[in-house]
Amino acid sequence: MAANNRRMSGKKGAQVGSGGQRRKGLEGKGPTPPAEMRKKHKKNRIATAKAKQAARRPAPRGRGGKGTSEMVVGRNPVVEALREGVPASTLYVQQFIDNDERVREALQLAADRGGINLMEAPRPELDRMTNGLNHQGLVLQVPPYEYAHPEDLAAAAADAGEDPLIVALDGVTDPRNLGAVVRSVSAFGGHGVVVPERRAAGMTAGAWKTSAGTAARTPVARATNLTRALEAYKKAGIVVVGLAADGEAELGDLQALDGPVVIVVGSEGKGLSRLVGETCDFRVRIPMPGGAESLNAGVAAGIVLYEAAGRRG
């Protein structure tokens, strides 16, 4: 008994509990980040070196030229872009970022796809890269799109033993309309889309998303001068058909859709430009019993492509 008393004599009474103060220390920190995101890991050093080399390397120029790179910023936009298969070269993640569900999904999608460098950067650097936009700690770099040349589209049709079915856009500036047209061209067996180099929508991340992945297999060509590109198509035996609300013929009466054809779609407000309209072999209208004044480029192109695909069987 005496021994027990000696052992307990050092006790200072009731001990105060932690009161939950250590609970946060016991909580997990989420899944382990990919090797590319862990400092001092070999894969992190390799990914960093590759990203620096890519930034210094001059971009090769194709026949149709290249667009400019862009940044997708914000957690939801980055996750949506990765889900839709938008091409990406680097995913930048802010240091000490709150690891929520969207951040984890972005990292997982980038890791699953492969070929995307994962870079950790301090917030001031991301602020500088995005010109102060609300990036929320996630920035996705989309590489420049490599455009085809207008001649490539006709050549691809010839290689496949098919009559060319091409859509050209005149004055369409909304990337979502371009993406919708690319999707329709892919759905109805077309051979590509031609856009002017200036004052026109290009293959941005928004266009890629609207195309629902079809931009990966449907080429987009860029023409320095759309009128000259259409004249070159005409010399190659391809009929140029322009869509116009005041067109001389109705779509259903046009026999040219049976053969090699370029369908030219203008902007929703202004329609075809004067020079492009004069270059067309035919100007046709889409009958609209409902009385709508015009259709956007994506819808108009889809209607004509459906008609052409039906005639080609």
Side-chain angles (χ1 to χ4, degrees), residues 29-31 33-39 43-44 47-57 59 65-147 172-180 182-183 195 199-216 220 222 298:
K29 297 183 179 180
E36 291 87 343
M37 290 294 299
R38 301 203 295 272
K39 290 184 177 180
K43 289 189 175 182
N44 177 269
T48 302
K50 284 183 178 179
K52 289 180 178 179
Q53 290 174 3
R56 291 193 296 265
R57 189 183 304 127
K66 279 198 171 188
T68 57
S69 61
E70 64 171 316
M71 300 288 185
V72 179
V73 302
R75 299 189 183 187
N76 285 336
V78 166
V79 170
E80 290 172 5
L82 289 169
R83 284 177 184 168
E84 295 295 339
V86 173
S89 55
T90 306
L91 174 62
Y92 294 93
V93 184
Q94 180 182 311
Q95 289 177 341
F96 315 116
I97 190 174
D98 292 334
N99 195 10
D100 69 2
E101 183 178 347
R102 293 168 298 175
V103 174
R104 290 192 292 270
E105 184 176 359
L107 291 170
Q108 188 64 54
L109 288 168
D112 290 345
R113 186 191 297 186
I116 300 178
N117 297 313
L118 297 175
M119 301 287 292
E120 191 175 38
R123 182 183 180 92
E125 177 64 15
L126 296 185
D127 291 342
R128 183 193 64 78
M129 289 169 53
T130 61
N131 292 321
L133 294 176
N134 184 23
H135 52 74
Q136 299 175 306
L138 285 184
V139 178
L140 186 69
Q141 185 171 26
V142 179
Y145 180 81
E146 188 165 354
Y147 292 92
V172 175
T173 57
D174 189 340
R176 293 170 297 181
N177 267 332
L178 172 57
V182 170
R183 188 172 183 176
V195 297
R199 295 184 292 276
M203 282 305 299
T204 63
W208 268 97
K209 285 169 60 178
T210 310
S211 78
T214 58
V220 175
R222 190 165 62 177

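- Side chains of Met71 and Met129 form a contact here, defined as non-hydrogen atoms less than 4.5 Å apart.
- Checking side-chain atoms of Tyr145 against main-chain N and O of Val220 turns up a donor-acceptor pair under 3.5 Å.
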Steps toward salt bridge (Lys or Arg N to Asp or Glu O under 4.0 Å) verdict (Glu125, Arg128): CA-CA 5 Å; Glu125 177 64 15; Arg128 183 193 64 78; 2.6 Å; yes

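- The closest donor-acceptor contact from the side chain of Tyr147 to the backbone of Met203 lies under 3.5 Å.
- A salt bridge is defined here as a Lys NZ or Arg NE, NH1 or NH2 lying under 4.0 Å from an Asp or Glu carboxylate O, and Glu101 with Arg104 fails to meet this definition.
- Of the possible donor and acceptor atoms, one in the side chain of Asp174 sits under 3.5 Å from a partner among the backbone N and O of Arg176.
- Listed for the Arg113 side chain is a donor-acceptor partner under 3.5 Å among the backbone atoms of Leu82.
- Val73 pairs with exactly one of Asn134, Leu140, Leu133, Leu138 by the side-chain contact (heavy atoms from CB on, under 4.5 Å) rule, that one being Leu133.
- The shortest heavy-atom contact between Arg83 and Glu105 is NE-OE2, 2.8 Å.
- Using a 4.5 Å heavy-atom threshold, the side chains of Met119 and Leu91 count as separate.
- Taking all atoms of both residues into account, the shortest heavy-atom contact from Val142 to Pro87 is CG1-O, 3.4 Å.
- The closest side-chain heavy-atom distance from Val195 to Leu178 is below 4.5 Å.
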Val103 vs Ile97, test: side-chain contact (heavy atoms from CB on, under 4.5 Å). Steps then yes/no. CA-CA 9 Å; Val103 174; Ile97 190 174; 3.7 Å; yes

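- Within the 4.5 Å cutoff, the side chain of Val93 has heavy atoms near those of the Leu107 side chain.
- The closest side-chain heavy-atom distance from Val86 to Lys209 is below 4.5 Å.
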Test side-chain hydrogen bond (donor to acceptor under 3.5 Å, both in side chains) on Gln108 and Asp112; report intermediate values, then the result. CA-CA 6 Å; Gln108 188 64 54; Asp112 290 345; 2.8 Å; yes

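- For the atom pair Tyr92 OH and Thr130 OG1, the distance stands at 12.0 Å (nearest 0.5 Å).
- Here the closest non-hydrogen pair linking Gly202 and Pro175 is O-CB, 4.2 Å.
- Minimum interatomic distance between Ser211 and Val182 (heavy atoms only, all atoms of both residues): CB-CG1, 4.2 Å.
- Side-chain N or O atoms of Gln136 include one that pairs as donor or acceptor with a backbone N or O of Arg75 at under 3.5 Å.
- Interatomic distance, CD1 of Ile116 versus OG of Ser89, reported as 8.5 Å (0.5 Å rounding).
- Checking side-chain atoms of Gln141 against main-chain N and O of Glu70 turns up no donor-acceptor pair under 3.5 Å.
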From CA spacing to verdict: side-chain contact (heavy atoms from CB on, under 4.5 Å), Val139, Val78: CA-CA 7 Å; Val139 178; Val78 166; 5.9 Å; no

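- Under the 4.5 Å side-chain criterion, counting only non-hydrogen atoms from C-beta, Ser69 is in contact with Pro144.
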